[in-house]
Amino acid sequence: PILYSYFRSSCSWRVRIALALKGISYDLVPVNLIKNGGQQFSAEFKALNPMQQVPALKIDGITLSQSLAIINYLEETRPNPRLLPQDPKKRAQVRMIADHIVSGIQPLQNLSVLKQMGEKKMEWAQNCIASGFQALEQILQRTAGCYCVGDEVSMADLCLAPQVANAERFKVDMGPYPTITRINKALLELEAFKISHPSRQPDTPAELQA
C-alpha cells in the first residue's frame with residue numbers, strides 16, 4: 001500500500017491510526033498542503049484524487065480517497081482488530097460520532113475554509129470546534145467507557161484524537177469538555193496513536209517533531 005498523507009492533516013492521521021492498529025505496513029508519500037501553493041493541486045495528484053485532498057491510499061489495485069471510506073475498506077478486508085463493534089446499536093453510535101466529527105466539525109475549520117476567513121480564521125476555527133465539542137461532550141457522556149463507545153477502540157476514536165489535536169492547535173479551551181479530554185488522553189497512550197502522530201511523520205518539520 002501507498003499512503004499519500006500530510007503530517008498535520010487530521011484526515012490523514014485517522015487513516016494512519018487505522019493502518020497502525022491493523023498492522024498494515026505501507027509506503028508514505030508526503031503531500032505538502034502549503035508548499036508551492038499546495039502540492040495537492042498538482043496535475044499528478046489531481047489524477048490520483050480529483051478532490052485534491054489527502055489522504056489517498058493505493059491498495060489492492062485500487063486508489064481510495066476520503067478517510068472513512070478508506071477505514072471502512074480496511075475494516076471489511078482486514079477485520080482484525082475490529083474498528084466497528086459487533087452490536088448494531090454500538091456500531092451506529094460509533095458511526096454517529098465519527099460523522100459528527102468528520103462532517104460536522106472538521107470541514108468547517110480545514111485549510112481551504114480558513115484561507116477564505118482571512119484574519120478571522122483563528123476565531124472562526126475556535127467557534128466551529130467549540131460548537132461541535134459542546135454537542136460531542138454530551139453524546140460521549142452517554143456512550144463512553146474507556147473510549148468513545150465502550151471499552152474498545154473504534155472508528156470514532158480514530159476521528160476524535162486528530163480533532164482534539166486541531167482544537168489544541170487553534171487554542172480552544174478544553175476545560176468544558178472533560179469526557180473528550182479524558183478519552184483523548186487514554187488514546188494518546190496507545191502505540192498506534194503514538195507512531196501515527198503528526199509529530200512523528202517523515203514530513204514533520206524539525207521544530208514540530210517529538
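Along the sequence shown, residues are numbered consecutively beginning with 1. Owing to the predicted nature of the structure, the values given are computational and were not obtained by experimental measurement. Keep in mind that the numbers below use all heavy atoms, side chains included, and drop hydrogens, waters and symmetry copies.
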Gap between atom CG of L160 and atom CG of L140 - 0.5 Å precision: 6.5 Å
Candidates C159, S65, P55 - the one meeting side-chain contact (heavy atoms from CB on, under 4.5 Å) with C11: P55
CD/E191: more than 12 non-hydrogen atoms of other groups inside 6.0 Å: yes
Interatomic distance, Y147 atom OH to N184 atom CG [nearest 0.5 angstrom]: 12.0 Å
For N32 against K35, the heavy-atom pair lying closest together: OD1-N, 2.8 Å
Worked verdict on L48 versus K58 for side chain to side chain contact (heavy atoms under 4.5 Å, CB included): CA-CA 9 Å; L48 191 77; K58 281 186 177 177; 3.2 Å; yes
Between Q93 and T143, a side-chain donor and acceptor under 3.5 Å: no
D151 side-chain N/O to C146 backbone N/O, donor-acceptor pair under 3.5 Å: yes
Considering all heavy atoms, the nearest K22-R78 contact: NZ-O, 2.7 Å
Heavy-atom donor-acceptor pair, D27 side chain to I2 backbone, under 3.5 Å: no
Check: S67 main-chain N/O paired with R14 side-chain donor or acceptor under 3.5 Å: no
Joint hydrophobic cluster, I71 plus Y4, side-chain heavy atoms closer than 4.5 Å: no
From CA spacing to verdict: salt bridge (charged side-chain N to carboxylate O under 4.0 Å, His left out), E152, K90: CA-CA 11 Å; E152 287 185 16; K90 286 188 175 181; over 6 Å; no
Between CG on residue L28 and CG on residue L3, distance to nearest 0.5 Å: 5.0 Å
Worked check of side chain to side chain contact (heavy atoms under 4.5 Å, CB included) between L33 and Q39: CA-CA 6 Å; L33 303 186; Q39 293 175 347; over 6 Å; no
For L84 against E75, the heavy-atom pair lying closest together: N-OE2, 3.1 Å
Show me the donor-acceptor pairs within less than 3.5 Å that the side chains of residues 119-130 make with the rest of the protein, sequence neighbours left out.
from, atom 1, to, atom 2, distance (Å)
W124, NE1, L108, O, 2.7
Q126, NE2, F170, O, 2.9
N127, ND2, E123, O, 3.3

Verify same cluster id: L21, I97 (apolar side-chain graph, 4.5 Å): yes
CG on L136 to CD1 on I183, rounded to 0.5 Å: 8.0 Å
Check: P81 and V153 side chains under 4.5 Å, non-hydrogen atoms: no
Working for side chain to side chain contact (heavy atoms under 4.5 Å, CB included), residues F45 and V54: CA-CA 10 Å; F45 190 75; V54 290; 4.0 Å; yes
Connected via hydrophobic side-chain network under 4.5 Å: Y73 and V102: yes
Value rounded to 0.5 Å, distance of CG in L158 from CD in Q163: 13.5 Å
Check: E137 side chain, I180 main-chain N or O, donor-acceptor pair, under 3.5 Å: yes
Path from V113 to Y6 over hydrophobic side-chain contacts below 4.5 Å: no
Distance-only polar pair, side chains of Q138 and Q134, donor-acceptor under 3.5 Å: no
R95 and N72: CA distance, side-chain angles, deciding distance, side chain to side chain contact (heavy atoms under 4.5 Å, CB included) verdict: CA-CA 11 Å; R95 287 182 165 137; N72 274 303; 4.2 Å; yes
Under 3.5 Å donor-acceptor pairs involving side-chain atoms of residues 192-203, not counting sequence neighbours:
from, atom 1, to, atom 2, distance (Å)
S196, OG, W13, NE1, 2.9
S196, OG, A192, O, 2.6
S196, OG, F193, O, 3.4
H197, ND1, S199, N, 3.0
H197, ND1, S199, OG, 2.9
Q201, OE1, R16, NE, 3.4
Q201, NE2, I195, O, 3.2
Q201, NE2, S196, O, 3.2
Q201, NE2, H197, O, 2.9
D203, OD2, F7, N, 2.9

D99 side chain vs S103 backbone, donor-acceptor pair below 3.5 Å: no
Contact summary for A98 and L68, nearest pair of heavy atoms: CB-CD1, 4.2 Å
Shortest non-hydrogen contact between P178 and G175, atoms and distance: CD-O, 3.9 Å
Inter-residue atom distance H100.NE2 - C148.SG, 0.5 Å rounding: 11.0 Å
Where P107 and I101 come nearest, the two heavy atoms and their spacing: CD-O, 4.0 Å
Connected via hydrophobic side-chain network under 4.5 Å: M155 and I59: yes
